[in-house]
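Here the structure is laid out as structure tokens; the discussion comes afterwards.
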Amino acid sequence: MKHNFRKIEGKWQQRWEEAGIFKAVDGSPKPKFYGLVEFPYPSGAGMHVGHIKAYSSIEVIARKRRMQGYNVLNPIGFDAFGLPTENYAIKTGIHPRKITDQNIAKFTNQLKRVGFSFDWDRVIDTTDEDYYKWSQWIFLKMFEKGLAFRDTALVNYCPNCKVVLSNEDCQGGHCDMCHGEVVQRSKDVWYLRITAYADRLLEGLEHVDYPENVKQQQINWIGKSKGAFVDFAVDGIDEKLEIYTTRPDTLFGVTFMVIAPEHPLIDKYADRVQNMDAVKAYRAECAKKSEFERTQLVKDKTGVKIEGLVAVNPVNGKKIPIFIADYVMMGYGTGAIMAVPAHDQRDYDFAKAFGIDIIEVIKGGDMSKEAYTGDGEMVNSEYLNGYTNKKESIERMLEELEKRGIGRAGVQYKMKDWAFNRQRYWGEPIPIVHCDYCGPVAVPYEELPLRLPPVEHFQPGEDGESPLAKVESFVKCKCPKCGRDARRETDTMPQWAGSSWYFLRYTDPHNKEALADPEKLKYWMPVDWYNGGMEHVTRHVLYSRFWHQFLYDIGVVPCPEPYAKRSIQGLILGPDGDKMSKSKGNVVDPLDIVEDYGADTLRTYVLFMGDYSAATPWNDNSVKGCKRFLERVAAFTDMISEDPDTQKLETSLHRTIKKVSSDIEEMKFNTAIAALMTLTNDIYALGKVSREQVQTFVKLLNPFAPHLSEEIWEATGGEGFLALAEWPSYDEAKTVEAQTEIGVQINGKLRATVVIPTGAEKEEVFAIAKANARIASLTEGKTFVKEIYVPNRVVNFVVK
RNA sequence: GCCGCUGUGGCGGAAUUGGCAGACGCACUUGACUCAAAAUCAAGCGGAGCGAUCCGUGCCGGUUCGAGUCCGGCCAGCGGCACCA
């Protein structure tokens, strides 16, 4: 048979669809397998080869599971709200709804042409009102529980996109969408209280199968630290200045305090501050600095001493100055710190710049050079003197603070609450009404979905206002609580809202009464295996775990964690080894590969190209190599023979079954395909193969190259769809040859190879090895000090 | 600075987890087929040497009968976080 991919691929795709063989069955008595991939954002550019690689892993596992008798849910959908579509709408004047529909149609066609075994009856679109109704519903549930709240605070704002961003959306101080610089702005915004789930998010990681680096990255992002809150009195006024520290044991080394420029203390006691002009000037300067400038000047500490306010060290009564400085952030801890220049490099740098005392309380460093952050004996610290164990000295100090009522143990997180509103059109409307009398009021559940109104212009306002603010018919409404005139919230939800629960909707995508039927959730959840990208670890994966934990708490979902197992795919780089980008012109279009080489070749290549989790450059020649492999397989049909000689292939065949089966489970797709290639080479070396052997071969190949393998299955008289045939099993006894070639070493150096009966006794193996002419001559006249045998691998003679 | 990862032929990558380094593929060389080329099939392919042999997994050291794999110390690169108190 020739591999005529153009003729067979469309044919099989049509047959699979007509027979509906990839439909998941709710409540089937078979064991269930829920495999999930990150649903795409349907951009105008169409699919990227990266999508193909990302989806191919779960695709292969899902196809294998089906053949192993599982009831498989392998869904796909579209995460379609978002800025690129809206920006395109602004540019062209075409409505985002229309653009989205076109892009979804394009993606659907592309995905189908690759032959993915998705259940197309369960497709979801986050911009569909029947879907976002439930995104809004979840928001209202959070509002009800106090987890969605409004607050005025400093927020990240992208002047270019004219939008407020969450911390996760501007990591490194750059807007995730336009890569422009983000500024801090005081604004009234909606937050989701993800910090209330910080400990749960940490704890949950202990019960899921995620790669270690993924767990680590989430742990770091959450950034839990244990320490203490300590109250410092301010001399002459009835005010406590509370600080957070991880080293309360260094309290005797405090020589000054620093508060953030935005700290409320200053305004509250403005009348006492003698140098208000200087303080105000410094604040203005800080407000102007970008994130970039603030981090660039790490070494050059700046600040202003507040004249007129003096703090008192609660452990020794010493009076210490208070500064404002921008190295202290309002957003972490209490926005105020106790400064211990002897043992904190930032405090040290500041003390040096301002000529402040440095008091050593832990021995071991050189105070003339730098702060000492290591361990050592406590000194100058009264009751702590002599302690050498950090943990003990901290415990001792905490005891003292608590006894005197001036401090307490506490924890802090780097993670902040999730800034949840965007001043944009193409997102889920936030179902809240603002009433002058009642405050923010929930839209009644029966009024959901709160639909996006049609608008003429999608431009956000210059003042950072949502385009919806101009739609009077939308804005004007009655307060659901008191009935008076009120205004609707005009901001929409961020990109990440729809993806925070979509895996639940797949279990019951058309439900009108609930986000999903509890029985179906119980049957399918949790997701057994979720593959995606590293870039979502501290955004989507964290957010969706948070939503899921919340839904678990209110009894909507049956399990505390959404994903039992998470895996990560590595990037596909351009042929030049750089990240693919339009500007570099090194982008590979998957549809070009489908047209020139076929979907099976594309699928095989993206998994064969290298270690699945590593970044690997694209190579056109290697694509051809995969095509050549499939052509060689197609020709098996012309090599079929009843000759008993074909039994010589059995060992190789059983080894291949074993290797392919286990490699797929470990996501070692490259070596699984390599094993199929090795078997192919063995078949060519023999020049013939039995019909049964070919059929076993195509079963193993089916997850990777489903079209060709179905074609061969049919041509060799296979019954029904190969996609539903039984996954082959192997006979361990048949995976070993009667004889094995092993290495013989002398003093650890390979000197010969000998053939032994597989599994032979140690003594017999030594005898065979010593009988080898070369070994005999090299050991002649020497004494054997030690003889080592690793069964069926290697012999090592230590001789003198 | 902190956290995590990686380093193996001309290239992508293997190595049963401490046991014959370089599976498989690409590129390249040669042969068969062909008037010829392509395709295909077959053979070769880490480096040095005619050779027996010697050298080789980023570098230096260690443990071991035996190290790509384990330990200590460097170097280089990638990803993430970062004035987080």
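Order of the sequence lines sets the chain letters (A, B, ...), proteins ahead of strands, with each chain counted from 1. On a predicted model such as this, the values are computed, not experimentally measured, just so you know.
Within residues 613-620 of chain A, the residues that have a heavy atom under 4.0 Å from RNA chain B are, in order of number, A/Ala615, A/Thr616. Contacts between residues 671-687 of chain A and RNA chain B, defined by a heavy-atom separation under 4.0 Å, are made by A/Thr671, A/Ala674, A/Met677, A/Thr678, A/Asn681, A/Tyr684.
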Dump every N/O contact between nucleotides 48-50 of chain B and the protein below 3.5 Å, one line per pair.
none

Enumerate the protein-to-nucleotides 53-55 of chain B contacts in which both atoms are nitrogen or oxygen and the separation is below 3.5 Å.
from, atom 1, to, atom 2, distance (Å)
B/U53, OP1, A/Arg774, NH1, 2.4
B/U53, OP1, A/Arg774, NH2, 2.9
B/C54, OP2, A/Arg751, NH1, 3.2
B/C55, OP2, A/Lys749, NZ, 3.3

Close N/O contacts between protein and nucleotides 3-8 of chain B (under 3.5 Å):
from, atom 1, to, atom 2, distance (Å)
B/C3, O2', A/Asn220, ND2, 3.1

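Within the 4.0 angstrom heavy-atom criterion, base atoms lie near A/Thr753.
Scored by the side-chain hydrogen bond (donor to acceptor under 3.5 Å, both in side chains) test, A/Asp638 finds no partners at all (sequence neighbours excluded). In terms of the ring pair (Phe, Tyr, Trp, His ring centres under 6.0 Å) criterion, residue partners of A/Tyr605 (sequence neighbours excluded) are, by chain and number, A/Trp618. With sequence neighbours excluded, the residues satisfying ring pair (Phe, Tyr, Trp, His ring centres under 6.0 Å) with A/Tyr191 are A/Phe149. Looking at residues two or more places apart in sequence or on another chain, you find a ring pair (Phe, Tyr, Trp, His ring centres under 6.0 Å) between A/Phe669 and A/Tyr612.
For residues 751-760 of chain A, there are no salt bridge (Lys or Arg N to Asp or Glu O under 4.0 Å) pairs, not counting sequence neighbours.
Base pairing of B/C74 is made with B/G58, judged by Watson-Crick or G-U wobble geometry with both donor-acceptor distances under 3.5 Å. Using Watson-Crick or G-U wobble geometry with both donor-acceptor distances under 3.5 Å, B/C33 finds no partner in any strand shown.
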Compile the donor-acceptor pairs under 3.5 Å between side chains in residues 676-686 of chain A and protein atoms, sequence neighbours left out, one pair per line.
from, atom 1, to, atom 2, distance (Å)
A/Thr678, OG1, A/Ala674, O, 2.9
A/Thr680, OG1, A/Leu676, O, 2.7
A/Asn681, OD1, A/Arg632, NH2, 2.8
A/Asp682, OD2, A/Ser652, OG, 2.7
A/Tyr684, OH, A/Arg632, O, 2.8

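Taking side-chain N and O atoms only, A/Tyr332 has a distance below 4.0 Å to OP1 or OP2 of B/A85.
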Inset, instruction - Between protein and nucleotides 62-73 of chain B, map the contacts as a letter string: B base, S sugar-phosphate only, - none, heavy atoms under 4.0 Å, written 5' to 3'. - result: ---BS-------
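The distance from atom CZ of A/Arg632 to atom C1' of B/C24 is 12 Å, rounded to the nearest whole Å.
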